[in-house]
> 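The structure follows.
Chain naming here is simple, since letters A, B, ... match the order of the sequence lines and numbering starts at 1 in each. Hydrogens, waters and symmetry mates are skipped; everything else that's a heavy atom, side chains included, is used.
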Number of protein chains: 2
Amino acid sequence: MARKSATGRIGIADVAVKAGVSHATVSRVMNGNFTVDPDIAARVRAAAVELKYQPNPVGRSLALGKTDTIGIVVPDLANPTFQAILRGLSRAAAQDGYRVLIADSFEVSSEESILAGEARRRCDGLVLCAPRMSDAELEEIAPSLHPLVLINRTTSTKGVPSLVVDYGQGVQDLAEHLAGLGHTRLAFLAGPPRSASNALRLEGLEAFKAAHPEVDVRMLEGGSDFDTGHEAVDAVLDSGATGILAFNDLVAMGLLSGLHERGLDIPGDISITGFDDIPFARYTTPGLTTAAVPITELGQEAWQQLRALIRKESTDTPGSRYQPRLEVRASTGPAKK
Amino acid sequence: MARKSATGRIGIADVAVKAGVSHATVSRVMNGNFTVDPDIAARVRAAAVELKYQPNPVGRSLALGKTDTIGIVVPDLANPTFQAILRGLSRAAAQDGYRVLIADSFEVSSEESILAGEARRRCDGLVLCAPRMSDAELEEIAPSLHPLVLINRTTSTKGVPSLVVDYGQGVQDLAEHLAGLGHTRLAFLAGPPRSASNALRLEGLEAFKAAHPEVDVRMLEGGSDFDTGHEAVDAVLDSGATGILAFNDLVAMGLLSGLHERGLDIPGDISITGFDDIPFARYTTPGLTTAAVPITELGQEAWQQLRALIRKESTDTPGSRYQPRLEVRASTGPAKK
DNA sequence: ACGGACTGAGAAACCGCTTTCTCACATTTC
DNA sequence: GAAATGTGAGAAAGCGGTTTCTCAGTCCGT
């Protein structure tokens, strides 16, 4: 009979008793240590199979000092961008036998450092996704989070690679595209105020304005989801802009929908651009002109970098920078006269 | 100075030394045990703060026999439905201080039971999302996974609550809607063959056919993503159907896009329905008629049920059944004469 | 003043597993 | 045939906590 230890689950001791050996030997067999007599090993394996024994990972983690788990902290699990990163990270990590623990901060920046710390202690490494916390706070907690990989955020802390998308360049490309179509009045529908990627976009727009003094660029308050775009219709119309740079594809889609409801023609009356190139972007009507970011790939790369850190391979991981690719579809066209 | 134990991180022993007490006392203080002298408690707390001591969760888990973590196994993390469930689950669990470990089986049903077992052993409970494995296999592993909550799947194993969406009813409602608009030739663009929710839809369609012998319902092979819908254009046109029931919103959107490319008018030429009512559904052109499923809510409910199981509250959790709500938008219209 | 009931904190056991240490026994070597 | 060497498995010591057990030192009542 499958006897049960105190906890009710089969433990190494049960297998040891059943096979008539010490638990040390069971452990050796389970870990493929070849210093065990083949006959005994076979007996242990048989007992393990019969009892359906599976080593308790918690005990194992404590003894080995590793959990084979990594954590990821995201500001908003509802955001397709972070979902894609999570997906890429999870897939890549799974291939190396690692699991992923998720923590959603729900855009509450004050929670981030606590969540990050908690997650980190349960895991072998951490990916911090576009944290909303201040540079100072980030720098303060970064060392205690090592091994740590940052996404869309940088820090001066040593040994913390950053994977950043060049949103500045991307938004410049989009603005150039619109300018090339004759638009002289643009508006930028901004993202969350604390978002670093929003700051990068603003920088890019400044560069664009410097290069194109003839183009007027308005700044409009915004957010990062559908509703933001949908609710921005009035502000957009009031601005008199003919080319709208939405913070991302979601906002663009919301705006698109809102403008359609007002009977406006896209791109006949107004041109709209998104950002990210989420899968849905190509299926809107009209198809959304956007800047494509290889976001799932970014998640995978995050794992590569984190793995190097965990294994202490001294690749002095410099991080990497991703260039968005202009994806021209049908939501942009010549400026209305 | 912050001395470090073998592992390099601050441990309970360091705090004990610093405060001049035994680690047992430190543990008592950290856990709010009031049998400690206030002065000593203060000293310990001060030492803990100064050393930035945080109890190691792995050691804690081993001693307490709980991890404060739950697992979720999904067939495809790219699917918005599972993302929404994950979101609801994660949010609800976080409110009770639980974290979520994710496992993606990538639609490989043979991996599911292994992933589930591994995840379960690291966690206090498990949510199994629309598993693709056979009934027999599910029934076999279910007992070893307890506490377990199933989503969109049922099992006869005792003590395993199921949260299921009544896809059969939903698809019937959609078919009735199309029939009411005069469509007599329908086609169902099926989902993944092993998907239980697909089977439920098929049952619903059988019921519909029995009630409406005058309506012709074709079955078309399919899948669950955009591309499936996009690639199904020819099959749909060949079928001669004027009303298409897509497996879900994603497939419907892909089909919508493909039909647009062929210059067809939706719903003028062909009516299309989706399923799930993902956020994007209302933003397509035309807006997608679909069956709305309160999917995030379902994730939250999964946590409620799982929590009851973990806490051994004998609510003999019967699970629950969710009725989709018909959401009529602009992708369906009168049948073309 | 003395014995019994309390209090509070240290010592030790334990959670489940890995790994070093140790030692009995077998094999080799001179 | 005795010493040197090797081999394999059990005993025991962690890993970092929690909790029971134990026992001084207090406080109380009589």
Side-chain angles (χ1 to χ4, degrees), chain A residues 2-45 47-48 51-68 118 120-124, chain B residues 2-45 47-48 51-68 118 120-124:
Chain A
R3 75 188 54 208
K4 42 184 180 178
S5 64
T7 60
R9 294 217 167 242
I10 303 284
I12 198 172
D14 303 302
V15 180
V17 170
K18 175 125 197 151
V21 297
S22 70
H23 44 274
T25 300
V26 176
S27 173
R28 284 191 264 260
V29 172
M30 298 303 290
N31 291 292
N33 187 323
F34 288 111
T35 71
V36 180
D37 183 288
D39 288 352
I40 296 184
R43 221 164 68 217
V44 170
R45 258 185 284 274
L51 295 175
K52 291 191 173 62
Y53 168 69
Q54 299 284 124
N56 175 329
V58 179
R60 204 149 191 281
S61 291
L62 186 58
L64 294 175
K66 67 195 198 97
T67 61
D68 291 339
E118 289 222 337
R120 175 58 187 85
R121 257 171 281 122
R122 295 184 133 73
C123 301
D124 299 342
Chain B
R3 75 188 56 207
K4 42 184 182 178
S5 63
T7 60
R9 292 213 170 247
I10 302 286
I12 198 172
D14 302 302
V15 181
V17 169
K18 175 126 198 152
V21 298
S22 71
H23 46 273
T25 299
V26 176
S27 174
R28 283 191 263 260
V29 172
M30 298 304 290
N31 291 292
N33 188 324
F34 289 110
T35 70
V36 179
D37 182 289
D39 288 351
I40 296 184
R43 221 164 69 218
V44 169
R45 258 187 283 275
L51 295 175
K52 292 191 172 62
Y53 168 68
Q54 300 283 127
N56 175 329
V58 179
R60 205 151 188 278
S61 291
L62 185 59
L64 293 174
K66 68 193 198 103
T67 60
D68 291 339
E118 289 221 338
R120 174 61 187 81
R121 257 171 282 121
R122 291 177 188 279
C123 302
D124 299 342

> Whole angstroms only, please: what is the CG-P distance between A/L62 and D/dA13?
17 Å
> Can you measure A/F34 atom CZ to D/dA9 atom P for me and round it to whole angstrom units?
14 Å
> Starting at CG of A/N33 and ending at P of D/dA9, how long is that distance when rounded to a whole Å?
10 Å
> Polar pairs (N or O, both sides) under 3.5 Å between protein and nucleotides 17-22 of chain D?
{"from": "D/dG17", "atom 1": "OP1", "to": "B/N56", "atom 2": "N", "distance (Å)": "3.0"}
{"from": "D/dG17", "atom 1": "OP2", "to": "B/I12", "atom 2": "N", "distance (Å)": "2.8"}
{"from": "D/dG17", "atom 1": "O5'", "to": "B/Y53", "atom 2": "OH", "distance (Å)": "3.0"}
{"from": "D/dG17", "atom 1": "O5'", "to": "B/N56", "atom 2": "N", "distance (Å)": "3.2"}
{"from": "D/dT18", "atom 1": "OP1", "to": "B/N31", "atom 2": "OD1", "distance (Å)": "3.3"}
{"from": "D/dT18", "atom 1": "OP1", "to": "B/N31", "atom 2": "ND2", "distance (Å)": "3.0"}
{"from": "D/dT18", "atom 1": "OP1", "to": "B/R60", "atom 2": "NE", "distance (Å)": "2.7"}
{"from": "D/dT18", "atom 1": "OP2", "to": "B/S27", "atom 2": "OG", "distance (Å)": "2.5"}
{"from": "D/dT18", "atom 1": "OP2", "to": "B/N31", "atom 2": "ND2", "distance (Å)": "3.3"}
{"from": "D/dT18", "atom 1": "O5'", "to": "B/S27", "atom 2": "OG", "distance (Å)": "3.4"}
{"from": "D/dT20", "atom 1": "O4", "to": "B/R28", "atom 2": "NH1", "distance (Å)": "3.3"}

> Report the residue from A/D68, A/N31, A/T67 that forms a side-chain hydrogen bond (donor to acceptor under 3.5 Å, both in side chains) with A/R60.
A/N31
> Main chain of B/T35, side chain of B/N33: is a donor-acceptor contact present, judged purely on distance under 3.5 Å?
yes
> Between the main-chain N or O of B/P57 and the side-chain N or O of B/S61, is there a donor-acceptor pair closer than 3.5 Å?
yes
> C/dA9 P sits how many Å from B/D37 CG, rounded?
5 Å
> Applying a 4.0 Å non-hydrogen cut-off, can you work out what A/V21 is touching in the nucleic acid: base, sugar-phosphate, or nothing?
sugar-phosphate
> State which residue, out of B/I40, B/V21, B/V36, fulfils the side-chain contact (heavy atoms from CB on, under 4.5 Å) condition with B/V29.
B/V36
> From NZ of A/K66 over to C1' of C/dT18, roughly how many Å is that when rounded to an integer?
12 Å
> Rounded to the nearest 0.5 Å, what separates atom CG in A/N56 from atom CD1 in A/I10?
12.5 Å
> Contact between B/K18 and B/Y53 at the side-chain level, heavy atoms closer than 4.5 Å - yes or no?
no
